[in-house]
There are 2 protein chains.
Amino acid sequence: MDYKQMEQSLKAVSDETRMLILKYLSKEALCICEFTELLDMSQPAISQHMRKLKQAGLICEEKRGRWTIWSLNEKHGLFEVLASLLALLPEPERTVESLIAEGKKVNCN
Amino acid sequence: MDYKQMEQSLKAVSDETRMLILKYLSKEALCICEFTELLDMSQPAISQHMRKLKQAGLICEEKRGRWTIWSLNEKHGLFEVLASLLALLPEPERTVESLIAEGKKVNCN
DNA sequence: TGCATACATAAGCGCTTGCTTATATAATGA
DNA sequence: TCATTATATAAGCAAGCGCTTATGTATGCA
């Protein structure tokens, strides 16, 4: 891997919001509207973070109906390192389980 | 490790110049004036990169005479991850050996 | 004592980042 | 068909980044 590529990938990761997004995605695929709930952030803000992660090749999108489902790209050259980084981080307070309990989890299967 | 701390550490790493500095330091301790030669950069620019890496706790300084000798902080929580990241990067074109050959390597022992 | 060396720090400047608000697009459903 | 939903995109703006030049500080040496 060259320096520029690693720089771009690490810059994409080194943001608290995006680290949270990646932490959630390390457990399950999610869509934008779920992140706006989980992170209590505006939809454009989340969309822009997703774009940055996608440009770095760290996540994949899959359009399904109105939703775009995002997941970690396991084929990224830094996937293993990323996984060990995410493992060092605590579980976020707001969980996907609590979303389900509140009936806010989208069912896009 | 909390999110803010990892964000600060990764932000410090995710810069091409600083990745090069860390790559050199993964082999041996060096001082500022050697980096100005190795990276062909101004002294203040290097000093400011060092300050950023030090604030993130990634490197240690040791004052010896007029020189400040910098080395990797092996006790940093991300040291192992950092080492595996640096291992993925190619050797820089300009080597410390070439500095020695040109008589530009400082001997501060 | 005086000058050179090694380094730190500060101000300034152009560029990037991450949010906001506003708007566009595309799919779904009554 | 028309409103709703999910998402993308654009413009604008404050804050941060990385360099420059200028200057301060401490050490070593003649």
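Proteins get letters first, then strands, A, B, ... in listed order; numbering begins at 1 in each.
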- Along nucleotides 20-26 of chain D, 5' to 3', which nucleotides get a B, which get an S, and which get a -, given that the test is a protein heavy-atom distance under 4.0 Å? BBB----

- Task: Would you mind classifying the nucleic acid contact of Ser47(B) as base, sugar-phosphate or nothing, using non-hydrogen atoms under 4.0 angstrom?
- Result: base

- Walk me through it: do His76(A) and Leu82(A) pass the test side chain to side chain contact (heavy atoms under 4.5 Å, CB included)? CA-CA 9 Å; His76(A) 191 282; Leu82(A) 179 61; over 6 Å; no

- Message: Out of the candidates Asn73(A), Leu86(A), Leu72(A), Leu20(A), only one should pair with Leu25(A) under the side chain to side chain contact (heavy atoms under 4.5 Å, CB included) rule; please name it.
- Response: Leu72(A)

- Neighbours of DNA chain C within residues 10-17 of chain A, by heavy-atom distance under 4.0 Å: Asp15(A), Thr17(A)

- Using salt bridge (charged side-chain N to carboxylate O under 4.0 Å, His left out) as the criterion, list what pairs up with Glu80(A), not counting sequence neighbours. none

- Query: Considering residues at least two apart in sequence or located in another chain, which fulfil the side chain to side chain contact (heavy atoms under 4.5 Å, CB included) criterion with Glu28(B)?
  - Reply: Leu30(B), Val96(B), Lys105(B)

If you look only at distance, which donor and acceptor atoms sit under 3.5 Å apart when one is on a side chain in residues 47-58 of chain A and the other is two or more places apart or in another chain?
residue  : atom : partner  : partner atom : Å
Ser47(A) : OG   : Gln43(A) : NE2          : 3.3
His49(A) : ND1  : Arg18(A) : NH1          : 3.0
Lys54(A) : NZ   : Glu61(A) : OE2          : 2.5

- Item | Relative orientation of the end axes in the helix from dT1(C)-dA30(D) to dA30(C)-dT1(D), expressed as an angle to the nearest 10° (five pairs per end) | 10°

- Query: For Lys4(B), which residues count as a salt bridge (charged side-chain N to carboxylate O under 4.0 Å, His left out) partner, sequence neighbours excluded?
  - Reply: Glu16(A), Glu7(B)

- Message: I'd like the 5' and 3' limits of the part of DNA chain C contacted by chain A, with heavy-atom contacts below 4.0 Å.
- Response: dT17(C) to dT28(C)

- Query: Can you name the salt bridge (charged side-chain N to carboxylate O under 4.0 Å, His left out) partners of Glu91(B), sequence neighbours left out?
  - Reply: Lys23(B), Lys27(B)

- Taking only heavy atoms on the protein side, list every residue of residues 49-61 of chain A lying under 4.0 Å from any atom of DNA chain D, sorted numerically. Arg51(A), Glu61(A)

- Would you mind reading off the distance between Leu39(B) atom CG and dC19(D) atom C1', rounded to a whole angstrom? 14 Å

- For side chain to side chain contact (heavy atoms under 4.5 Å, CB included), just list the numbers for Tyr24(B) and Leu39(B), CA-CA rounded to whole Å, side-chain angles, deciding distance to a tenth of an Å, and then say yes or no. CA-CA 10 Å; Tyr24(B) 281 115; Leu39(B) 303 175; 3.8 Å; yes

- Item | Non-neighbouring partners of Ser84(A) that pass side-chain hydrogen bond (donor to acceptor under 3.5 Å, both in side chains), sequence neighbours left out | none

- Item | Residue pair Phe35(B), Thr17(B): steps toward the side chain to side chain contact (heavy atoms under 4.5 Å, CB included) verdict | CA-CA 10 Å; Phe35(B) 279 116; Thr17(B) 302; over 6 Å; no

- So, Gln8(A) side chain and Gln5(A) main chain: donor-acceptor pair closer than 3.5 Å or not? no

- Item | Enclosure of Asp2(B) CG (heavy-atom neighbours >12, cutoff 6.0 Å) | yes

- Message: Using a 6.0 Å cut-off, check whether atom CD of Glu97(A) has over 12 heavy atoms from anything other than its own residue.
- Response: yes

- Task: Please identify each residue that fulfils salt bridge (charged side-chain N to carboxylate O under 4.0 Å, His left out) with Glu102(B), with sequence neighbours left out.
- Result: Arg94(B), Lys104(B)

- Check whether Trp67(B) and Leu38(B) end up in the same hydrophobic cluster, where Ile, Leu, Val, Met, Phe, Trp and Tyr are linked by side-chain heavy atoms less than 4.5 Å apart. no

